[in-house]
Peer 1: 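First the structure, which I've put down as structure tokens, then a few questions once you've had a look.
Since this is a predicted model, take the numbers as computed values, not measurements.
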Amino acid sequence: MAEQTIFDKVLSGEIPSTSVYEDDAVYAFNDINPQAPVHVLVIPRTRFESVADLADASPDAIGAFMRGVALTARKLGLEEAGYRVVFNTGADAQQSVAYLHAHILAGRKLGWPPG
Ligand code: AMP
């Protein structure tokens, strides 16, 4: 079995987090080092290491995860002003936790392109 990541421990409650949304498929919580006024991470309850793993996942699992991302943003009231969803994937993107997570960033005008 793969080694436990920080986000496995967040999901189990071993590491405390501030929940902002959850359902059967996802758990969403505030990022500990926010890069925008709103910075939330959304993780699937079943672990994938990164977006790359979704190539082999069922459309149902992918759909439930992405729906959870959109529902998190809806619950946070972000639909009107807008928000950004980021999936850092692999070394060049500086993914630091090997547990699939969507960053939801919002609350200010976000620059483009990202660094
Ligand atoms: P990434 O660099 O895309 O892998 O993003 C990992 C994110 O996890 C970073 O934005 C960190 O600030 C965040 N993070 C790390 N540990 C925790 C934690 N215990 N609770 C909440 N966010 C965390």
Side-chain angles (χ1 to χ4, degrees):
M1 187 168 164
E3 203 176 300
Q4 290 257 304
T5 68
I6 293 170
F7 294 164
D8 288 285
K9 294 176 182 173
V10 165
L11 197 54
S12 71
E14 187 180 334
I15 293 178
S17 62
T18 303
S19 170
V20 298
Y21 173 79
E22 58 186 302
D23 62 25
D24 287 349
V26 306
Y27 179 67
F29 55 101
N30 286 328
D31 195 293
I32 205 170
N33 182 24
Q35 302 301 310
V38 176
H39 188 172
V40 164
L41 302 174
V42 187
I43 61 174
R45 290 192 183 275
T46 301
R47 180 180 168 192
F48 298 92
E49 284 199 9
S50 77
V51 165
D53 282 356
L54 297 182
D56 305 312
S58 75
D60 280 356
I62 298 167
F65 175 60
M66 284 310 301
R67 183 168 184 271
V69 173
L71 286 171
T72 300
R74 175 173 290 176
K75 183 169 180 201
L76 292 169
L78 303 177
E79 288 176 320
E80 190 177 340
Y83 57 94
R84 182 171 294 163
V85 179
V86 174
F87 293 96
N88 292 324
T89 306
D92 276 1
Q94 299 196 47
Q95 181 179 359
S96 62
V97 182
Y99 191 126
L100 174 66
H101 51 285
H103 296 255
I104 297 178
L105 298 149
R108 65 172 167 82
K109 204 83 175 169
L110 296 164
W112 191 264

Peer 1: Count I, L, V, M, F, W, Y as connected when their side-chain heavy atoms are under 4.5 Å apart, and connections chain through other members. Are I32 and I43 then in the same cluster?
Peer 2: no
Peer 1: First locate atom OH of Y99, then atom CZ of F48, and finally report the distance between them rounded to the nearest 0.5 Å.
Peer 2: 9.0 Å
Peer 1: Hey, which of V42, T18, L41, L11 is the one that makes side-chain contact (heavy atoms from CB on, under 4.5 Å) with F29?
Peer 2: L41
Peer 1: Taking the side chain as C-beta and beyond, is there a heavy-atom pair between R45 and E22 under 4.5 Å?
Peer 2: yes
Peer 1: Taking atom CD of Q35 and atom CZ of R108, what is their separation to the nearest 0.5 Å?
Peer 2: 8.0 Å
Peer 1: Applying a strict under-4.5 Å side-chain criterion to I, L, V, M, F, W and Y, I'd like to know whether F87 and F7 cluster together.
Peer 2: no
Peer 1: Give, for atom CD1 of I6 and atom OG of S96, the distance between the pair rounded to the nearest 0.5 Å.
Peer 2: 7.0 Å
Peer 1: So which heavy atom on A36 is nearest to which on L105, and how close?
Peer 2: CB-CD2, 4.1 Å
Peer 1: Taking all non-hydrogen atoms of both residues into account, name the closest pair between N88 and V86 and its distance.
Peer 2: OD1-CG1, 3.5 Å
Peer 1: Which pairs of donor and acceptor atoms, one on a side chain in residues 64-79, lie under 3.5 Å apart (sequence neighbours left out)?
Peer 2:
{"unit_1": "T72", "atom_1": "OG1", "unit_2": "G68", "atom_2": "O", "d": "2.7"}
{"unit_1": "R74", "atom_1": "NE", "unit_2": "E79", "atom_2": "OE1", "d": "3.4"}
{"unit_1": "R74", "atom_1": "NE", "unit_2": "E79", "atom_2": "OE2", "d": "3.0"}
{"unit_1": "R74", "atom_1": "NH2", "unit_2": "E79", "atom_2": "OE2", "d": "3.4"}
{"unit_1": "K75", "atom_1": "NZ", "unit_2": "V20", "atom_2": "O", "d": "3.2"}

Peer 1: Relative to each other, are the rings of H39 and H103 parallel, tilted or perpendicular (30° and 60° limits)?
Peer 2: tilted
Peer 1: Would you say V38 and Y83 make side-chain contact, with heavy atoms under 4.5 Å?
Peer 2: no
Peer 1: Could you verify whether a donor N or O on one side chain and an acceptor N or O on the other, from S50 and D53, lie under 3.5 Å apart?
Peer 2: no
Peer 1: What is the minimum heavy-atom distance between P37 and G107, and which atoms define it?
Peer 2: CG-O, 3.4 Å
Peer 1: Going from CD on Q94 to OG1 on T89, what distance comes out if it is rounded to the nearest 0.5 angstrom?
Peer 2: 12.5 Å
Peer 1: What's the separation between atom CZ in R84 and atom CD1 in I104, rounded to the nearest 0.5 Å?
Peer 2: 13.0 Å
Peer 1: Write down the atom of T5, the atom of A98, and the distance for their closest heavy-atom approach.
Peer 2: CG2-O, 3.7 Å
Peer 1: Is it possible for you to say whether V97 and Y27 belong to one hydrophobic cluster, with membership spreading through side-chain heavy-atom contacts below 4.5 Å?
Peer 2: yes
Peer 1: With clusters defined by side-chain heavy atoms of hydrophobic residues (ILVMFWY) lying less than 4.5 Å apart, directly or transitively, does Y21 cluster with V85?
Peer 2: yes
